[in-house]
Amino acid sequence: LGILLINRVLPHLPRSVRIVVLVVLCVRFIAITYPGFEGNDYVIHAKRLLTMVEQHQWTVLDYPFEFNRRPALIVPLFYLLTRLLEPLYGTYLAMYVIAICAETATALVIWMLLAQSGVPRRVATLATIVTLLMPLSSAILWWAFFPQILAHLGVFALMVSTSKRDMRGA
């Protein structure tokens, strides 16, 4: 997905969006490396990652507070990506690098969806910039909803691929 975004989306993005993406990425990367920044649920994710590694599991069964401690199946995509980046960045930074890249990529995928749906270029550009600058996009890093960030990206990417097919009459 990252290669797709770089090769197919970035050359077509308006310059204003590219500038905002660069600024947002810089601010978010600086924020997570600032001393004292630690996401609310980071420890939970670190424990899940450790459980997956120790028990060689592809899924994690957990009892999240958000679901009244009922059992919930945790999809491992985020944790598998973390394991890939862990040797380069360590656990903490690997988790946040994935989250920041996915959250930023979501805005770019939204631009793709709007652009191929026939929305005027200015509206697509404004929607992308607003998405990038929404306080929720940065607050989600503190809340550490890492798997959910990847889910958002996946849903929008699926919408892009589906809308492209539907526009061709399939």
Separation between CG of Leu49 and CD of Glu86, rounded to the nearest 0.5 Å:
5.0 Å

Hey, any chance Ile98 and Leu50 share a hydrophobic cluster, counting ILVMFWY side chains that come within less than 4.5 Å of each other, even indirectly?
no

Between the CG atom in Leu153 and the CG atom in Leu158, the distance rounded to the nearest 0.5 Å is 11.0 Å

Which atom pair, heavy atoms only, marks the closest approach of Ala107 to Thr128?
O-CG2, 3.5 Å

Residue pair Thr125 / Pro14: nearest heavy atoms and the distance that separates them:
OG1-CG, 3.0 Å

Student check: side-chain heavy atoms of Val97 and Leu88 closer than 4.5 Å:
no

Any side-chain heavy atom of Phe78 sitting closer than 4.5 Å to one from Met95?
yes

Report yes or no: do Leu133 and Trp111 belong to one cluster of Ile/Leu/Val/Met/Phe/Trp/Tyr joined by side chain heavy-atom distances under 4.5 Å?
yes

Is there side-chain contact between Leu108 and Val17, with heavy atoms separated by less than 4.5 Å?
yes

Could you go through Val160 and Phe156, starting from their C-alpha distance and side-chain angles, then the distance that decides it, and tell me whether this counts as side-chain contact (heavy atoms from CB on, under 4.5 Å)?
CA-CA 6 Å; Val160 167; Phe156 281 113; 5.7 Å; no

Leu93 vs Thr33, side-chain contact (heavy atoms from CB on, under 4.5 Å): CA-CA, chis, key distance, verdict:
CA-CA 8 Å; Leu93 281 180; Thr33 58; 3.9 Å; yes

From CA spacing to verdict: side-chain contact (heavy atoms from CB on, under 4.5 Å), Tyr92, His45:
CA-CA 10 Å; Tyr92 176 83; His45 295 294; over 6 Å; no

Val109 and Ala157 have their tightest heavy-atom pair at CG1-N, 3.6 Å

Hey, quick one: are Leu22 and Leu132 part of the same hydrophobic cluster, counting side-chain heavy atoms closer than 4.5 Å, chains of contacts allowed?
no

Please confirm whether the backbone N or O of Cys101 pairs with a side-chain atom of Thr104, one donor and one acceptor, at under 3.5 Å?
no

